[in-house]
Amino acid sequence: TSATDGLFRINLKRRPLDENNRIAARVTARATESSRSSIRKFGYRGTSSLT
Amino acid sequence: DGSDTDIVALKNYMDAQYYGEIGIGTPPQKFTVIFDTGSSNLWVPSVKCYFSVACYVHSKYKSSLSSTYQKNGKPAEIHYGTGAISGLFSQDYVKVGDLVVKNQVFIEATREPSVTFLVGKFDGICGLGFQEISVGNVVPLWYNMISQGLVKEPVFSFWFNRNADDEEGGEIVFGGADPNHYKGNHTYVPITRKGYWQFDMGDVLIDGRSSGICSGSCAAIADSGTSLIAGPTATIAEINHAIGASGIVSQECKTVVSQYGKTILTLLLSERQPKKICSQIGLCAFDGTRGVSIGIESIVTENDGSAVGWGDSMCSACEMAVVWIQSQLKQNQTQERILSYVNELCDRLPSPMGESAVDCSRLSSMPSVSFTIGGKVFSLKAEQYILKVGDGPATQCISGFTALDVPPPRGPLWILGDVFMGAYHTVFDYGNMRVGFAQAA
């Protein structure tokens, strides 16, 4: 990082797409789809809010 | 609130590939976080997280080790589509590069049950969205950077290095933009819905031709926390067809084309209102602005006597068919060719939020896909929108497009994730409430 020009730079690392995270993504996607079905079935409106 | 669920659900942290380091507390405890313009809270795992495996494989915040920690203690919970976290709000100093943000409220996560967070290489997420979507209405880190006078200009920018051979992953710059990482001038568009970095976008072009659905206008969000580009199913099916991506065969879609295709064509040619066509043929109700599902389960009998049922998906299939046929008519295609093409599109429908494989050897023949922003065309070449997984003969190619349907009035909506932001350096200008894009360098 450097602030000499008034810009604060943060380096980013990159994670290549690999087979492991793709498999995990599919598992998560299935779980999400299943929870969405439940939401529809019971008419529940989920919230992203302070509990 | 609940109406935002669809958008939050898109977040696919599993594939989010760019992350940086921050420090929380005094002395700073290091965490790897995703800098996410699609959310507004900062959270990291807590040392008090005992029952989630994800917490055991990531760095954890220990408040007792920090001299600047201040207790808050209110419970907090964030639901993402790909998982949820819960815990407690805390307050401490946060070090981002050389900047130290004082008294930042963040979430110490004590539960991270999702496999997403278990496999993720990042410890937490640093939201760079607006306070309007901040859970608990917490003041976001970026707001505190500005109010504490840490940056000269209320602007931050992203550069993602899409060159896989380079070690450098990219850069986020607070206070401005690094001229080394873009070419030419940025094209700026105003924020149309504060909360997300959302703006109005024009037509999406496939090989220079209109895909139809956004020829009026679509909403778009610049989202650094999403890997791919997500958009309406109808357009993604067209892209899939153009790049040869596999899709799921939709029987409802094929039924609509075979039974109603000619009628839709005729109605469009007679200049009926396209939005009313699906209600006119009885597949949707009309709510005054667009077709809506009539919620009726229909049963038809197949030739072999078995009964096949279909539901509201017929309405969606019809609306897609109308967009496709309309777009083909504008290109002066013959009726026969149009119906054949639309039938082919039914084979290319993407799974919602799913990935589509393409043939790596066909990259050179794949068309460009372009987005019209601020009256300018931002094109992506196949090399830019296809992701390669693995090496050598085992290399697989994945389309950088995925489907997400958000109905009007909030949609149709596009999420421009890392695939787009990798090609176009993006400036988030908080002072002028605008987003800017320029070719990345």
Side-chain angles (χ1 to χ4, degrees), chain A, chain B residues 1-2 4-5 8-9 12 14-21 32 35 74-83 86 96-99 114-116 118-121 135-137 150-153 160-161 164 168-178 227 352-355 387-390 398:
Chain A
T1 62
S2 145
T4 49
D5 51 2
L7 305 179
F8 294 87
R9 296 169 169 85
I10 315 294
N11 289 326
L12 299 175
K13 296 171 206 164
R14 177 183 42 220
R15 182 192 192 191
L17 196 65
D18 63 27
E19 198 50 45
N20 285 339
N21 58 28
R22 288 175 64 211
I23 291 167
R26 278 181 223 131
V27 171
T28 310
R30 273 198 291 274
T32 305
E33 191 47 47
S34 132
S35 71
R36 277 182 182 176
S37 303
S38 314
I39 288 168
R40 277 200 295 270
K41 190 174 174 185
F42 298 108
Y44 169 74
R45 288 184 65 79
T47 58
S48 301
S49 59
L50 184 67
T51 51
Chain B
D1 60 26
D4 289 336
T5 306
V8 176
N12 184 356
M14 190 57 58
D15 291 339
Q17 298 167 24
Y18 296 91
Y19 42 86
E21 200 172 82
T32 293
F35 289 99
K74 285 182 189 166
E77 188 170 322
I78 303 182
H79 288 266
Y80 298 105
T82 48
S86 58
V96 187
D98 291 340
L99 303 172
S114 169
V115 66
T116 306
L118 173 64
V119 182
K121 286 227 172 164
V135 170
N137 200 33
L150 302 178
V151 285
K152 246 195 271 179
E153 300 292 331
F160 289 144
N161 187 358
E168 197 176 7
E171 193 177 78
I172 176 169
V173 177
F174 291 103
D178 186 337
S227 294
M353 294 304 296
E355 64 179 36
L387 307 174
K388 287 190 175 176
V389 186
I398 306 296

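Labels below follow one simple rule: chain letters A, B, ... track the order of the sequence lines, proteins then strands, and each chain is numbered from 1. Not measured: the values here are computed from a predicted model.
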task = Calculate, to the nearest 0.5 Å, the distance between atoms CG and CZ belonging to B:D98 and A:R9 respectively.
result = 11.0 Å

query = From A:L7 CG over to B:F174 CZ, what is the distance, rounded to the nearest 0.5 angstrom?
reply = 12.0 Å

Evaluation steps, side-chain contact (heavy atoms from CB on, under 4.5 Å), between A:F8 and B:V96 = CA-CA 9 Å; A:F8 294 87; B:V96 187; over 6 Å; no

request  = For each of B:I172, B:D178, B:V173, B:N137, tally heavy-atom pairs with chain A at distances under 4.5 Å, and name the one with the top tally.
outcome  = B:I172

ask   = Do you know which of B:S86, B:G20, B:G169 has the most heavy-atom pairs under 4.5 Å to chain A?
value =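 The residue among B:S86, B:G20, B:G169 with the greatest pair count is B:G169.
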
task = Against chain A, label B:E153 side chain, backbone, both or neither, depending on which of its atoms sit under 4.5 Å from a heavy atom there.
result = neither

query = Any idea which heavy atoms bring A:I10 and B:E21 closest together, and the distance?
reply =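 Where A:I10 meets B:E21 most closely, the heavy atoms are CG2-O, 4.3 Å.
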
message = Testing the basics here: between A:N11 and B:E171, what is the closest heavy-atom pair and its distance to 0.1 Å?
response =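 Smallest interatomic distance, heavy atoms only, reads OD1-OE2, 3.9 Å.
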
